[in-house]
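Because the structure is a prediction, the values reported are computed rather than measured.
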Amino acid sequence: MQTFSTTVTDSPKPLRQMLVPKQCIEEFLARAQANTAKDIETLATLLGVKERIRDANGNGKRTVYRVTTVFIPQQEGKSDQCASTEAGDAELVEHVFKHGLKQLGWIHTHPSWGCFMSSVDLHNALGFQLDLPESISIVCSRIEDKANGIFRVTVPEGIEELLNCDRTGFHSHPDKLFGEVTDGSVIFVDGSLTVVDCRRSTS
C-alpha cells in the first residue's frame, strides 16, 4: 500500500484517540464479500460513543471515542464507487438518535482499486471530519498485499482545498490532501461490536 508522508498531526488541537474493535474490519469485509465477488463497492458508517477511560498509569482519566457499531445502510454500488440511498440515510439518522450514538467515520471497499482515497472519497471524508476532526476513513483494497488503510484528510491543506472545491464525481486532487493515520490516534482494541445490515439483499 502506498504511504503518504503528509498526515493530520498538524491539527492545532490534539486529537482524542479512536478505539476500534479488532474484529471491525474483518466483520465488515465478511458482510461485503458478496458484493466484492461481483466487483461492487460496499460502504458502512462507523458509529460509537464518547467516553472517559482511565489512563494506563491509573493517575487520571482521558476522553476517547469508541467504535461500537458498523452500520451498513441501503446503498447502490459499482466497481468504482458506492453511496447510501435516501432510505439508507434516513435509517442511519434514526439509528443514531435512537441509540445515542455518534458518527465516527466510515469504511468501504475497493474491490478492484488500490488502497487510497479517491476524490469522491475525499469529499465524503470531509463531511465526517468537519463534524468530528477525529473521524476516520478506512479503505479495504482487495488487490494489494497490505490491503487496509486508515486515512484522514490533511489539516489544514486538505480541508481548505476541499472546502473550496465545488466539483462532483471523479476529478483531480493532489495526493497531499490525505494521509495514512500513523500517529497513534487510532488503536485497535478488544471489545464488542454490533453490525447492523439494513440492505434488503446482500447478494
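- Within the structure, every pair that satisfies the salt bridge (charged side-chain N to carboxylate O under 4.0 Å, His left out) test and touches residues 57-69, not counting sequence neighbours, is listed here: Glu51-Arg66, Asp55-Arg62.
- Separation of atoms OH (Tyr65) and OG1 (Thr63) is listed at 8.0 Å; rounding is to 0.5 Å.
- Taking 4.5 Å as the limit, every side-chain heavy atom of Thr68 sits out of range of all side-chain heavy atoms of Thr194.
- Looking only at side-chain heavy atoms (C-beta outward), Arg31 and Thr42 stay at 4.5 Å or farther from each other.
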task = Just do the side-chain contact (heavy atoms from CB on, under 4.5 Å) check on Leu101 and Val49 with the steps written out, would you?
result = CA-CA 6 Å; Leu101 301 174; Val49 295; 3.9 Å; yes

task = Output, in order, the C-alpha distance, side-chain angles, deciding distance and verdict of side-chain contact (heavy atoms from CB on, under 4.5 Å) for Thr109 and Arg142.
result = CA-CA 8 Å; Thr109 58; Arg142 301 298 88 195; 5.7 Å; no

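- Scanning both residues, Ser79 and Pro111, for their nearest heavy atoms gives O-CD, 4.4 Å.
- When atom types are taken as modelled, the side chain of Ser119 and the backbone of Ser172 share no donor-acceptor pair closer than 3.5 angstrom.
- Ring geometry for His173 versus His123: interplanar angle of 30 to 60°, hence tilted.
- Taken together through direct or relayed side-chain contacts under 4.5 Å among Ile, Leu, Val, Met, Phe, Trp and Tyr, Phe28 and Val20 form part of one hydrophobic cluster.
- By the rule that hydrophobic residues join a cluster once side-chain heavy atoms approach within less than 4.5 Å of another member, Val195 and Ile138 end up as members of one cluster.
- Nearest heavy atoms, Ile72 versus Ala44: CG1-CB, 3.7 Å.
- Atom CD of Glu41 and atom SG of Cys140 lie 10.5 Å apart (nearest 0.5 Å).
- When all heavy atoms of Thr154 and Gly179 are compared, the closest pair comes out as CG2-N, 4.1 Å.
- Looking only at side-chain heavy atoms (C-beta outward), Val139 and Asn148 stay at 4.5 Å or farther from each other.
- Remark: side-chain polar atoms of Asp121 are paired, donor with acceptor, to backbone N or O of Ser118 under 3.5 angstrom.
- When all heavy atoms are compared, the tightest approach of Thr45 to Gly105 is CG2-O, 3.5 Å.
- Going from atom CZ of Arg16 over to atom NZ of Lys50 covers 4.0 Å, rounded to the nearest 0.5 Å.
- By the criterion of side-chain heavy atoms lying less than 4.5 angstrom apart, applied directly or through intervening Ile, Leu, Val, Met, Phe, Trp or Tyr residues, Leu193 is not grouped with Val189; the two fall into different hydrophobic clusters.
- The minimum heavy-atom distance between His108 and Cys82, with the atom names listed, is CB-SG, 4.5 Å.
- Closest approach of Phe188 and Pro21 over heavy atoms only: CD2-O, 3.8 Å.
- The hydrophobic cluster containing Val67 does not contain Leu47, counting ILVMFWY residues as joined when their side-chain heavy atoms lie under 4.5 angstrom apart, directly or transitively.
- Taking the six-membered ring where tryptophan is involved, the planes of His99 and His95 are tilted, since the angle between them lies from 30° to 60°.
- Aromatic ring centroids of Phe116 and His110 lie under 6.0 Å apart.
- The CZ atom of Phe151 sits 13.5 Å away from atom CG of Leu177, with the distance rounded to the nearest 0.5 Å.
- With 3.5 Å as the limit, one finds a donor-acceptor pair spanning the side chains of Ser185 and Arg152.
- By the side-chain hydrogen bond (donor to acceptor under 3.5 Å, both in side chains) test, Gln75 pairs with no residue at all, sequence neighbours left out.
- The CD atom of Glu76 lies 11.0 Å from the CG atom of Leu43; values are rounded to the nearest 0.5 Å.
- Side-chain contacts under 4.5 Å among hydrophobic residues (ILVMFWY), followed directly or transitively, place Val120 together with Phe170.
- At a threshold of 4.5 Å between side-chain heavy atoms, the hydrophobic network of Ile, Leu, Val, Met, Phe, Trp and Tyr places Leu130 and Leu162 in one connected group.
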inquiry  = Under the criterion side-chain contact (heavy atoms from CB on, under 4.5 Å), I'd like the reasoning laid out for Gln103 against Phe71: C-alpha separation, chi angles, the key distance, then a yes or no.
reply    = CA-CA 10 Å; Gln103 297 188 52; Phe71 188 92; over 6 Å; no

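- A distance of 9.5 Å separates CD1 of Ile159 from CG of Leu122, quoted to the nearest 0.5 Å.
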